S.K.: 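For reference, the structure I am asking about is given below.
Labels below follow one simple rule: chain letters A, B, ... track the order of the sequence lines, proteins then strands, and each chain is numbered from 1. Because the structure is a prediction, the values reported are computed rather than measured.
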Amino acid sequence: MIKNYFKVAWRNLTRNKTFSLINVLGLAIGMACTMLIALWVYNEKNWDGYHKKYDSVYQLYVNRNFNGEISTGPDLMYPLVSAIQATHPEVQHAVTVSFPGSTLMGNGETRINKTTLTVSPDFFDIFTFDFIRGNKEVLKDPDAIVMTESTAKAVFGSTDVLGQQVRLNNNRNAVVKAILKDVPRNSTVQFDGLIPFNPSSPEIKEAESEWVNCSYQVFLDVKPGTGVSSLESNLINLIRKRTNGENPTTRGSVLLHPMEKWRLFEEFRGGKNTGGRIQYVNLFTWVAVVILIIACVNFMNLSTARSEKRAREVGIRKTLGSGKKQLIAQFLSESVLLALISFLVATAVVYAAMPSFTKLLNIEVIIPYSEPAMWAIVLGIILLTGFVAGGYPAFYLSDFMPVKVLKGTILQGKQAVLPRKILVTSQFIAAIVLISATLIIYQQLQHVKKRDIGYDTNNLIQVKANKDLTKNYDAFRNELQQSGVLSSVVRTSSPLTTILGFTSGIRWQGADPNTQLIIGFLFSNNDFTKTLNAKLIDGRDFCDGDSNTVIFNKEAIRLMGLESPVGREITWAGRQRTIVGVVDNMVMTSPYEAASPMMVAYDNKWSGFANIRLNEGVDVRKSLSLIEAAYKKFSPEYPFEFRFIDDEFNQKFLNEQLIGKLAVIFAGLSIFVCCLGLFGLVSFTIERRTKEIGIRKVLGASVQQVLVLMSREFLILVGLAFLVAIPAAWWAMNEWLKNFNYRINIGAGVFLLVGSITLIIALVTVGLNASAAALRNPGKTLRSE
Amino acid sequence: MLDLKGIYKWVNAGNNRTFLLKDINLTINEGEFVSIMGPSGSGKSTLLNIIGMLDDFNEGEYYFLHESVHKLKEKQRSDLYKRYIGFVFQAYHLIDELTVYENIETPLIYQGVKSAERKALVADILDRFQIVGKKDLFPTQLSGGQQQLVGIARALIGKPKLLLADEPTGNLNSAQGEVIMQLFNELNKEGVTIIQVTHSEKNAAYGSRIINLLDGMVQK
């Protein structure tokens, strides 16, 4: 019997090719979207999941009050870890980890810069990494270095290099004592190599009693059952006890951030862990659910629209002796078959889209084939869709007396259409919200990108400097200037796209002794504003002959409350310095935030980065090779690495660009699916009114009048959807925009655009359908069966 | 074989009640060949549908093979008519998605007949009606007369005691109609009770009895 059902189901599908295609396509797209989003969500939620101590590892953060705002940072002091190990038995392991740094690795002629972390011995007790060679004990050896597989291959050409020496920073030799498998992409802790702290070195010996300077990360492995908040208060008390005097750290509080939150809850506001990426994960989960519901609803809609055509068949089968159960089984098997086919198509789509999807999100997507929950959900969705879609016609139609069904007189006027109308309207509401969101996200992105960042990023190259280059800096600069490729060059201690240093130690006459201003700083030398093309609003740039000079930005001067700053003196880091210039605010950290105070101090000895402004119109590639040649001439022991600063700056938009792209894709798909739904509803209604159209034409209606008549009720639906969706979209986007200090105001223009788009789409969909009916010959439509 | 006592059927349109059938009293014995005749709107098809349990009535009693049909639930009714009654429609009502073979086979499937037996029965009837060569064609590929033949074959496959035919030759030309009526004759001689609704005097002549309907009532 089942075979018979599937045979009939298949024949039905192939007979009504257009309808089947639309149905399968709609459902398949919906399923594919849901699957892709589900995969992404799964991957995000499993970040760091492979670490064995996932449930008990915490990173330490400190809440500090900076100029009235609470800033949460993971920077802590070196001696903290040993203090914790001595006083807190509930902490099983504790490790000090430097912030990621770049280490030059040399082997023979090879010189490569790799990212390294300097770590204390407990590192591998806290984090799980696979050893190819060696073991965790090597961290106790200060001359050791641990490399990942690819680093070893890059430096030595093979991984069989235990015991070999590698030259670090052209400075000292280390011995490769362990090789690890490459760090998986879904680990928050990333590195190419690990270097143990050297307790006998003078720097470390000094650091062991340095409780004020915070430049290390601290991770703890805590015994299960330990109270987190009491541990947090214990730790801040420990810090206060050991520190001489007060500073923003001792006045602050400690936060323990569990590993399970590192990826998705990475934001801190006002000293609390408020969320972060989890917003997007939740958002897209909802999007997935909504799209699937829309697709399923469409599927049901279209199937049932057809099923009323099948009423005749139902009647015949009843007269032939079919019981209700058999009819229900028949319709259910049809829709389950259709749902299954859609699922297979969806799977094909997902596989095809996987490479671009992975590239878009920049992660390695893991498909959890072995997870039984996944298969259960998949099966559940197929069966549910099939049953719900097939259930309606099955239960509905099998109820009637055969004669009624045969004559086709079962349908009660308005009633059958109302639920459909509600469904289609809701679909349109969802689609309109998505389109509005997409447009607004794009507006915000463009707005921020166009923001005046206070300096010119075009044609500005950042070259990593080094000791040798710094020694020969003037010669290097002269050679480049003579070659004519550049107009200016300046050295900075940190890249221009971030501020690495903050200080609260700036003093000046008339300063309020109670407020401690936290100001970001960097070191630089001659031609700072000239090279960057930053706007000097007072005073002058750094130039030859300067020694203890500083330049402040507008925001810093404003916070300091200085009237005519140029020429005034400040005290910082043990020296008197003269303010020689004030520069307009530059965006150096987040383009979404308001400007923060900044100081540039003159220093001719820092290596850091050389920022080179290329001349207008020069051949970039030629210039780069010239620069490289000069670089190699003056610092042959170091590899030439450069970045374009405008590229670096654009990295800041990656997250929002990604969200924008995803929004476009899903908005587009949901509109498509909605159109399918509208198409289905329209064809259904018009079928039922075919006779009416025929009669009206006989009575003298023109094709246009018929079109208007048919379209009117749908356009009202779309209009209704629009009215409901706009406030919803406006509210939701406002909430999202609150995340950014620098943002747009949502204007009416967006909604007008959305309205027009939706209207056009609806008109086309309805028009196509209605015109077919309107043009049909009344003779054909008025013939009785 | 069947007994109708005081059957009424009406429809309500607002405050008005329109009677489709009024006080029908009818007894039909096994082996009869009855023709129901009357002008359009007299209720012939309605009566036939009620006899065939395809429709219900508002008042009265209906006994079929001594079963009180009016007291039966839908499932029991369905079991009853699928075993004993075959229905032939004016509009053939074949399932377009199935082949001739499958169309004829369908009642047997609903009666739970095994596959091998089904094959034998269908082959027999295809042979009898001489449409073996058409068994894999779809209804849309057949002429009107051929479709009606298939309809009749389908109605007969379960060896029903009663055959109901609603204007079986209505959509056929005279030659095709002849063929069908001859067939009915043969079947009746074999013992099948036949009740047909017809407009044509000629067709009615094939029967042993004529019942005239006017405005929902039997004319004496």
S.K.: Against chain A, label B:Asp79 side chain, backbone, both or neither, depending on which of its atoms sit under 4.5 Å from a heavy atom there.
M.R.: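 Contact with chain A is absent: no heavy atom of B:Asp79 under 4.5 Å.
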S.K.: Taking all atoms of both residues into account, what is the closest heavy-atom pair of B:Phe89 and A:Thr319, and its distance?
M.R.: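 Closest heavy-atom pair between B:Phe89 and A:Thr319: CZ-CG2, 3.8 Å.
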S.K.: Is it the backbone or the side chain of B:Leu94 that comes under 4.5 Å from a heavy atom of chain A, or both, or neither?
M.R.: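 It is the backbone, since no side chain atom gets that close.
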S.K.: Which atoms of B:Arg154 come close to chain A, meaning under 4.5 Å heavy atom to heavy atom: side chain ones, backbone ones, both, or neither?
M.R.: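 When you check distances to chain A, only side chain atoms of B:Arg154 fall under 4.5 Å.
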S.K.: Could you walk me through whether A:Glu313 and B:Asp96 pass the side-chain contact (heavy atoms from CB on, under 4.5 Å) check?
M.R.: CA-CA 9 Å; A:Glu313 180 189 336; B:Asp96 291 327; over 6 Å; no
S.K.: Report which part of B:Phe138 has an atom under 4.5 Å of a heavy atom belonging to chain A: side chain, backbone, both, or neither.
M.R.: side chain
S.K.: Quick check: closest heavy atoms across A:Arg11 and B:Thr99, and the distance to 0.1 Å?
M.R.: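 What the structure gives for the nearest pair is NH1-N, 4.2 Å.
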S.K.: Can you name the nearest heavy-atom pair linking A:Gly321 to B:Tyr110, along with the distance?
M.R.: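 Taking every non-hydrogen atom into account, O-CB, 3.8 Å.
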S.K.: Could you look at B:Glu102 and say if it's the side chain, the backbone, both or neither that has a heavy atom under 4.5 Å from chain A?
M.R.: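 For B:Glu102, the contact with chain A is made by the side chain alone.
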S.K.: How far apart are the closest heavy atoms of B:Lys82 and A:Leu320, and which atoms are they?
M.R.: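 Minimum heavy-atom separation between B:Lys82 and A:Leu320: CB-O, 4.3 Å.
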